[in-house]
Every structure is written in structure tokens, then in C-alpha cells.
Undergrad: 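Supplied in C-alpha cells, the structure appears directly below.
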Amino acid sequence: MAPIVILDAGHGGVDPGGGNNAQFTEKNMTLNMTLYQYRRLQELHIPVAVTRSSDVTLPSEERAALVRNSGAKYCICNHINAGGGRGSEVIYSIYSPAAFPRLIADELEAEGMPNRRIFTRTLPNNPRQDYYFMNRETGSVETVIIEYGFADNPLDADKLAKDWKNLAEAVIRAFCEYAQLPYQPPKPSTPTNGGGGTGGNSGDGGSTSPGGSSPDNGGDAGVPDWKQEAIDWMFEQGLLTNEDWRSQGDKPLPLWAEAVILKRLYEKLKP
Ligand SMILES: [Zn+2]
């Protein structure tokens, strides 16, 4: 099935992006946000694709072609800003309405990230063409570029480092509202409760597992949030890069992978 929306994590691989600071790099931050949004849209049963799901180099032309040929109606490009400013910016195409970027800005603001501006920009020598590559080269797909905040602004940087998941979630809310798709907030994390949780849905009564289920693992519900957060942290830090591991929190790592992680950690800590 063709995706309704395609998510684009800015930069990647040899291109770290410009929105970097001591706490994060743009390419990793945008990847984490994108993968979070990817999982959430899947949870909401909204067909979704991504341009990249790991730390790979993706040239602009290839990136735009992936979006153009995806069959998606919408594209959300995730970026972190730099250069002295404060707050989010949302850039949209001169051929698209302002409603979607407006909603995104409002939801990010509601989540505590002020909005600097939403805007369009045209080529200096051609007022009928968008200035930004992804707005211009993604065909009929409605593409918005989100700069979530400024990596070189301490307030934005702290907010992003601590709260990137909620900012990513804010965009899911905006998207569902704009595309008129049913939205449900993420289930609250219940690390100590192996049972039904507080999500209110007691309807999964048939799922009492036969063999003795371990108490700290909610059956087939997957890895609990506190464990997944630790795994996500490994990706944020660049210690793990293969996205296949991300969803396999309960599986053991082979020795070579442990060796790679330790080697990366050693390289990071080396003065
Ligand atoms: Zn960027």
C-alpha cells in the first residue's frame, strides 16, 4: 500500500547537518525524531514511509526522488536549525496552503517550543519556483520542512535534548488533524506494571499468556518504555547505528556487536 506520508530525516552519513552542539548532532536528532514518528504512525495504522532509517548518506537528488516516487501525499522533513535564533521554523511550498505549517507551529508551541516564523521562499531569479530543494523537487507531494529549534540556542538545545519525543509527537498531532486522520496519544509508560496498564483499554482480557510470564515484561507487548529509552539512547549517542537492533530490545547482541559498541564508546571518551 502506498504511504500517505513520508518522513525525511535530514542529512545523515557523512553529512552531519549544521544543527549540532555538545549534546547532539542534527543527523542523529532528526533520525531519532523521524523513527519515533514512524513508529507512532504505524501504531495509528497510518501508512508511512521514510527516506532513511539509519545513519546513511543520502544525496539531495536521491532524497527528493524517494519522496516524489513514494506515492505519498505529504512529506515531513525534519531538521534542526543553527545560526542564531530561537524557536521553530516551518517552511512550506509556494504552491501549498499555510494551514499545515500553521498547525505544526501551534502544536510545537503548545509543547513548549516557541515559533519563530512559518514562511515560503522563492528562488531569487524565479518567483515561480521554491527556494528550498525539498519544497521544489518533490513534485506534487505536499512537503513541509520543520526546523524544530536552534542547536546554538541554549533554551532550544535543552528543550530538544530533553523533550524531542514530545516535539516529535506534537507534529503527529498536527499531521493527523490536517490530514483528518484519527489521532490517539501514545500509551503512558507503565514500567512496573506487567498487566493491562493505565491506558483504559481493559479489552485485551483474552491475552493472558499460557506459560509462566515474566513479571517485568508485558507479555507480547514488546519492550517497556524504560528499556526502549535506554536503547534509543544508544542510537542517540551513535553507539548503535543498525536500526534492526532498535526493535529487538530483548534479543542478545552477538559478541562482535558488543565489541563495536565498546570500541565506539572508547573512541568517544578518548580525550
Ligand atoms: Zn538541516
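Every number for a ligand or one of its atoms is a count from 1 in the order of the listing. Since we're looking at a predicted model, the values are computed, not measured.
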Undergrad: Take atom OH of Tyr131 as the centre, draw a 6.0 Å sphere, and report whether it contains more than 12 heavy atoms from other residues, nucleotides or ligands.
TA: no
Undergrad: Just give me the atom name: the N, O or S atom of Glu26 closest to the Zn ion (ligand 1).
TA: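 Per the distance ranking, Glu26 contributes OE2 as its closest N/O/S atom to the Zn ion (ligand 1).
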Undergrad: Does the separation of the ring centres of Tyr74 and Phe175 fall below 6.0 angstrom?
TA: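 Yes: the rings meet the under 6.0 Å criterion.
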Undergrad: Step by step, would you call Thr34 with Asn78 a side-chain hydrogen bond (donor to acceptor under 3.5 Å, both in side chains)?
TA: CA-CA 7 Å; Thr34 299; Asn78 290 325; 3.0 Å; yes
Undergrad: Could you pull out the atom name of the N/O/S atom in His79 that is nearest the Zn ion (ligand 1)?
TA: ND1
Undergrad: Just checking: Glu147, one of its N/O/S atoms, less than 2.8 Å away from the Zn ion (ligand 1), yes or no?
TA: no
Undergrad: If you look at His11, which of its N/O/S atoms is nearest to the Zn ion (ligand 1)?
TA: NE2
Undergrad: Are the side chain of Asn115 and the backbone of Gly87 linked by a donor-acceptor contact shorter than 3.5 Å?
TA: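 No, because the side chain of Asn115 does not come within donor-acceptor range (under 3.5 Å) of the backbone of Gly87.
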